[in-house]
2 protein chains.
Amino acid sequence: MTSPPPAAITAAVTAADAVAPTPAQLMDQLAQAAAAYYRNFATVAAQRGLTLMQGKMLSLLRRPMPMRTLAELLACDASNVTGIVDRLESRGLLRRESDPADRRVKLVLLTAEGERAVAQIRAELMSELSGLESLEEGDRRALQRLLGQVFPA
Amino acid sequence: MTSPPPAAITAAVTAADAVAPTPAQLMDQLAQAAAAYYRNFATVAAQRGLTLMQGKMLSLLRRPMPMRTLAELLACDASNVTGIVDRLESRGLLRRESDPADRRVKLVLLTAEGERAVAQIRAELMSELSGLESLEEGDRRALQRLLGQVFPA
DNA sequence: TATTGTTATACTCTATAACTATA
DNA sequence: TATAGTTATAGAGTATAACAATA
């Protein structure tokens, strides 16, 4: 029976031998990971003159969707979407289109230029997250499963 | 020799048998996880009348630190820190203190009320992330290792 | 000279409330 | 009546540039 090493030693130990982190420690690491993700995303968006929210909105538009849906996905009030869409529309990255099925609804969709911008953002973000590309298949499966467990859809 | 199942079937398969996600798919899942983390954090902060940035700043102040350091940790310009600290100081959650070693520097530190606020935010956030508490030791170790690999310190 | 923190400025994001046009 | 989108408003976050105090 081996007793777990004291916390001070943990950092120097290889992953396989490491003491399991507490949920609280894992929460701190999640905070750092989430911050790092958005720092990378914001940097990549800023390189194209876009704010974080503008980059997020463009990235969400894999298919046309109502403004109301964008508000839900961006976790903000519907009144904010008007301004964000306005600014992106004036730059030619997306456009509004009336929904024939319900004339109250405006569908937002990317222009060709918007599609290119999203593709470049995604590519640059992927190259920023080089640690992601170097994961083995087993590790990719494990990370997918664990993230799904901590953040259920 | 078994060939991997087509992508359309993947979703219905159990985790153990699942095809490994591509790095691009994993990047999308990271985006969702980071968004979910901050949605939870912002909700918990808002319950105490705090914005996301205010909650972040308080959570960073485990020990006194210069405004400049806060700017780096929050990934924003130093000029923004003045206003955020102002608002939290006027609410009695933190205070400024001159650094005797370098009189240009102002150290920011939590008040007793600020300490209580942080403790409550952390506790409520932990209860929101119930999926974290239910992870087995092996899964906690794995998640720690994988996050460290994708987002190196 | 360089650095820390502040101020002034302009822009963006944010929620709330009130409005319109549709349903 | 209810919903989708807009507008007006006020407050908060954001980067830039210029400044005072200190190193």
Side-chain angles (χ1 to χ4, degrees), chain A residues 34-35 38-61 64-91 93-109, chain B residues 35 38-39 41-61 64-91 93-109:
Chain A
Y38 278 120
R39 192 166 53 244
N40 281 309
F41 190 100
T43 298
V44 165
Q47 286 167 0
R48 303 193 58 80
L50 298 168
T51 67
L52 178 61
M53 284 303 288
Q54 290 168 351
K56 275 193 201 179
M57 179 176 286
L58 292 181
S59 297
L60 287 173
L61 287 171
M65 59 181 70
M67 319 256 308
R68 186 66 55 172
T69 304
L70 281 170
E72 286 162 12
L73 294 176
L74 293 171
C76 71
D77 191 84
S79 63
N80 302 325
V81 175
T82 299
I84 301 173
V85 168
D86 280 349
R87 287 181 277 275
L88 290 171
E89 190 168 32
S90 73
R91 290 180 52 173
L93 295 172
L94 53 75
R95 60 191 175 83
R96 291 165 162 100
E97 196 169 274
S98 277
D99 184 346
D102 183 342
R103 283 157 53 200
R104 294 173 302 179
V105 173
K106 287 179 186 166
L107 298 173
V108 182
L109 50 106
Chain B
Y38 279 120
R39 193 166 53 243
F41 190 100
T43 298
V44 166
Q47 286 168 0
R48 304 193 57 81
L50 297 168
T51 67
L52 177 61
M53 284 303 289
Q54 290 169 350
K56 275 194 203 179
M57 180 177 285
L58 292 181
S59 297
L60 287 172
L61 286 171
M65 59 181 69
M67 320 256 306
R68 186 67 53 171
T69 304
L70 282 170
E72 286 162 12
L73 294 176
L74 293 171
C76 72
D77 191 84
S79 63
N80 302 325
V81 175
T82 299
I84 301 173
V85 168
D86 280 349
R87 287 182 276 276
L88 290 171
E89 190 168 32
S90 73
R91 291 180 53 173
L93 296 171
L94 54 75
R95 60 191 175 83
R96 291 165 162 99
E97 196 169 275
S98 276
D99 184 346
D102 183 342
R103 284 157 53 200
R104 293 173 302 181
V105 172
K106 286 179 186 166
L107 298 173
V108 183
L109 51 106

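The sequence lines fix the lettering, A, B, ..., with proteins before strands; numbering per chain opens at 1.
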Quick one: pull up [atom1] in [X] and [atom2] in [Y] and give me the separation to the nearest 0.5 Å.
X	Y	atom1	atom2	result
A/Leu74	B/Arg39	CG	CZ	11.0 Å
A/Leu88	A/Leu94	CG	CG	5.0 Å
A/Leu73	A/Ser59	CG	OG	12.0 Å

Subject >> Residues A/Arg96, A/Glu89: salt bridge by 4.0 Å N-O rule >> reply: yes
**OP:** Please check the phosphate of C/dT6 (OP1 and OP2 only) for any side-chain N or O of B/Lys106 closer than 4.0 Å.
**Re:** yes
As a test of reading the structure: which of [options] is closest to the side chain of [X], going by heavy atoms?
X	options	result
A/Val105	C/dC13, D/dG5, C/dG5	D/dG5
A/Arg68	D/dA4, D/dG13, C/dT7	D/dA4
B/Arg87	D/dA12, C/dT6, D/dT14	D/dA12

Spacing of [X] atom [atom1] relative to [N] atom [atom2], expressed in whole Å:
X	N	atom1	atom2	value
A/Glu97	D/dG5	CD	C1'	16 Å
A/Leu70	D/dA4	CG	C1'	13 Å
B/Ile84	C/dG5	CD1	P	14 Å
A/Met67	D/dT3	CE	C1'	14 Å
B/Met65	C/dT4	CE	P	15 Å
A/Gln54	C/dT14	CD	C1'	14 Å
A/Leu50	C/dC11	CG	C1'	15 Å
A/Asp86	D/dT7	CG	C1'	11 Å

Compare all side-chain heavy atoms of [X] with those of [Y] and state whether any distance is below 4.5 angstrom.
X	Y	value
B/Lys106	B/Asp99	no
A/Cys76	A/Val81	yes
A/Leu60	A/Thr69	no
B/Arg68	B/Val105	no

Would you tabulate the pairs of protein nitrogen or oxygen atoms and nucleotide nitrogen or oxygen atoms of nucleotides 15-19 of chain C closer than 3.5 angstrom?
from   : atom 1 : to      : atom 2 : distance (Å)
C/dA15 : OP2    : A/Asp77 : N      : 2.6
C/dA15 : OP2    : A/Asn80 : ND2    : 2.5
C/dA15 : N7     : A/Asn80 : OD1    : 3.0
C/dT16 : O4     : A/Ser79 : OG     : 2.8

**OP:** Tell me, please, which residues at least two apart from A/Ser79 pass side-chain hydrogen bond (donor to acceptor under 3.5 Å, both in side chains).
**Re:**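 So A/Ser79 forms a side-chain hydrogen bond (donor to acceptor under 3.5 Å, both in side chains) with A/Asp77.
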Give me, pair by pair, the N or O atoms of the protein and of nucleotides 20-23 of chain C that are less than 3.5 Å apart, along with how far apart they are.
from   : atom 1 : to       : atom 2 : distance (Å)
C/dA23 : OP1    : A/Arg103 : N      : 3.1

